2 protein chains.
Amino acid sequence: MRYRKIPNETVRRLPVYLRALHILGQQGKASTSSTDLADMVAVNSWQVRKDFSYFGAFGKPGSGYEIDGLKKQIARILRLDTEHKVALVGVGNLGSAVLAYAGFAPYGFDIVAAYDCDPKKAGKKIHNVTVESVAKLKDLRKTGINLAIIAVPESAAQQIADQLVQAGVKGILNFSPLHIQVPKRVKVITIDIAVDMARLPYYMS
Amino acid sequence: MRYRKIPNETVRRLPVYLRALHILGQQGKASTSSTDLADMVAVNSWQVRKDFSYFGAFGKPGSGYEIDGLKKQIARILRLDTEHKVALVGVGNLGSAVLAYAGFAPYGFDIVAAYDCDPKKAGKKIHNVTVESVAKLKDLRKTGINLAIIAVPESAAQQIADQLVQAGVKGILNFSPLHIQVPKRVKVITIDIAVDMARLPYYMS
DNA sequence: TTGTGTGAAAGTTTTCACAGCA
DNA sequence: TGCTGTGAAAACTTTCACACAA
């Protein structure tokens with residue numbers, strides 16, 4: 001079953017496996033099994049094996065998966081085998097939290113630029129990144145950054161997205177609710193905290 | 001097709017429809033169509049109609065859906081027709097951003113308590129909520145709060161989750177990566193920013 | 001013996017096409 | 001005419017069962 005079309009749901013799980021493997025690696029382990037991985041990320045062992053099978057076989061019957069090799073394979077599939085420079089737009093409460101967040105590093109993301117429309121913030125250094133005016137967004141193209149995080153208020157999100165696309169950004173992580181319009185070639189992933197939270201009561205007994 | 005089992009994916013979309021309806025209501029509109037709603041949330045019109053059909057018919061052929069009525073219906077299904085008090089644990093960068101976030105209010109969520117393990121923060125008022133020591137978590141049961149947001153570092157998350165379950169919490173929005181172990185009766189929804197971001201490069205041309 | 005890889009079956013979700021109401 | 005509601009088909013995803021490799 002080599003190199004079939006990878007199901008979307010599998011792609012969604014791959015970063016989770018990657019994080020689990022990262023942790024196992026830090027614990028000094030060299031290999032693991034589909035059962036152990038499954039327990040860590042709360043799926044079934046056959047789901048893990050099936051997911052991996054979409055890009056060909058990685059594991060050894062009897063002994064399991066070699067952690068370093070598997071990490072590299074998954075990183076390559078997700079195109080996380082090279083560093084990605086990221087721009088952040090909106091350095092409010094949420095933006096600052098994003099800048100402080102250490103969780104991006106294991107995936108090879110590095111936030112190297114930050115923009116805010118508040119002139120008082122321009123020039124300030126927050127978590128090692130100097131905040132610039134949003135007017136400077138047009139210079140983004142020269143920097144080779146093609147990933148951006150939008151953490152601005154809802155009302156400004158579409159306008160910022162337009163500017164980012166103009167500046168050559170190809171992928172956007174969007175924290176503002178509802179849909180942002182971009183050309184088809186640009187991928188947007190939206191995280192809406194309230195929308196996710198709103199599902200909780202439904203599932204509570 | 002009345003009162004069939006509601007697909008999980010439909011439940012995931014309901015809060016999104018709710019937000020769109022909220023906006024339409026604020027714009028002074030009284031009714032809308034499946035096509036308009038679909039455009040706002042980036043799905044197809046037949047998906048919208050199918051989703052609504054799982055709880056019975058709401059709309060009028062020819063004229064569409066009455067916004068207020070539809071909002072109430074969806075809120076009732078999601079059990080968002082009553083206010084929900086929420087406790088926040090972890091008032092760091094992310095926790096503060098959550099406290100400041102206005103997006104919860106339209107769904108009826110109200111963050112009324114905040115806890116942090118840093119004794120220096122105890123007693124401080126942040127965005128109208130007084131921060132308390134995590135030692136006070138055991139008093140949570142008396143307050144009638146059964147929803148919590150975990151915004152603590154990864155290493156403390158499981159321990160906090162255990163305490164929350166002990167205190168009678170039935171639903172948890174978890175910002176720390178990887179899986180948190182809770183009894184089956186408790187629902188956990190995890191938001192992992194980095195894991196979502198990690199899918200972007202795969203989809204970028 | 002332990003643990004992988006994978007066809008086939010079962011289950012879920014999306015898409016389509018169209019009947020029918022206002 | 002405009003727009004809904006829905007059965008049926010198609011597409012996608014998960015689960016199972018088991019052959020087989022170390």
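FYI, side chains are in, hydrogens and waters are out, and symmetry mates aren't considered; it's all heavy atoms of this structure. Letters A, B, ... are given to chains in the order of the sequence lines, protein chains preceding strands, and every chain is numbered from 1. Treat the numbers as computed from the prediction; the structure is a model and nothing was measured.
At the heavy-atom level, B/Tyr65 lies under 4.0 Å from the strands shown only through sugar-phosphate atoms. Residue contacts shown for B/Thr35 are absent, as no nucleic acid heavy atom lies under 4.0 Å away. Using a 4.0 Å heavy-atom cutoff across all strands shown, B/Ser34 reaches sugar-phosphate atoms only and no base atom. No contact: B/Arg12 has no heavy atom under 4.0 Å from any strand.
The nearest whole Å value for the distance from the CD atom in B/Gln47 to the P atom in D/dA11 is 16 Å. Rounded to an integer number of Å, the gap from A/Asn44 CG to C/dG11 C1' is 14 Å. What separates CG of B/Asn8 from P of D/dT13 is a distance of 15 Å, to the nearest Å. Rounded to an integer number of Å, the gap from CZ of B/Phe55 to P of D/dT4 is 16 Å. C/dT12 atom P lies 14 Å from atom CD1 of B/Ile6, rounded to whole Å. As a whole-Å value, the separation of A/Glu9 CD from D/dC12 P is 12 Å. Residue A/Asp51 contributes atom CG, which lies 10 Å from atom C1' of D/dT13 at whole-angstrom precision. At whole-Å resolution of the value, OH in A/Tyr17 and P in C/dT4 are 12 Å apart.
Using modelled atom types, one side-chain atom of B/Asp116 and one backbone atom of B/Val91 make a donor-acceptor pair closer than 3.5 Å. For the pair B/Tyr107 (side chain) and B/Pro15 (backbone), a donor-acceptor distance under 3.5 Å is present. Without hydrogens or angle criteria, A/Lys121 side chain to A/Val131 main chain gives no donor-acceptor distance under 3.5 Å.
Counting heavy atoms from C-beta outward, A/Tyr54 and A/Leu14 have side chains that stay 4.5 Å or more apart.
Mapping A/Trp46 and A/Ser63 onto DNA chain D by nearest heavy atom places A/Trp46 closer to the 5' end of the strand.
Among C/dT14, C/dT4, D/dT4, the nucleotide with an atom closest to any side-chain atom of A/Ser33 is C/dT4. If you check D/dT13, C/dG3, C/dT13 against the side chain of A/Pro61, the one that comes closest is C/dG3.
A salt bridge links B/Asp192 with A/Arg19: the closest approach of a Lys/Arg side-chain nitrogen to an acidic carboxylate oxygen falls below 4.0 angstrom.
At the phosphate of C/dG5, neither OP1 nor OP2 sits under 4.0 Å from any side-chain N or O atom of A/Arg49.
Judged by distance alone, with hydrogens and angles left aside, B/Lys50 brings a side-chain donor or acceptor within reach of the base of D/dG7, the pair sitting under 3.5 Å.
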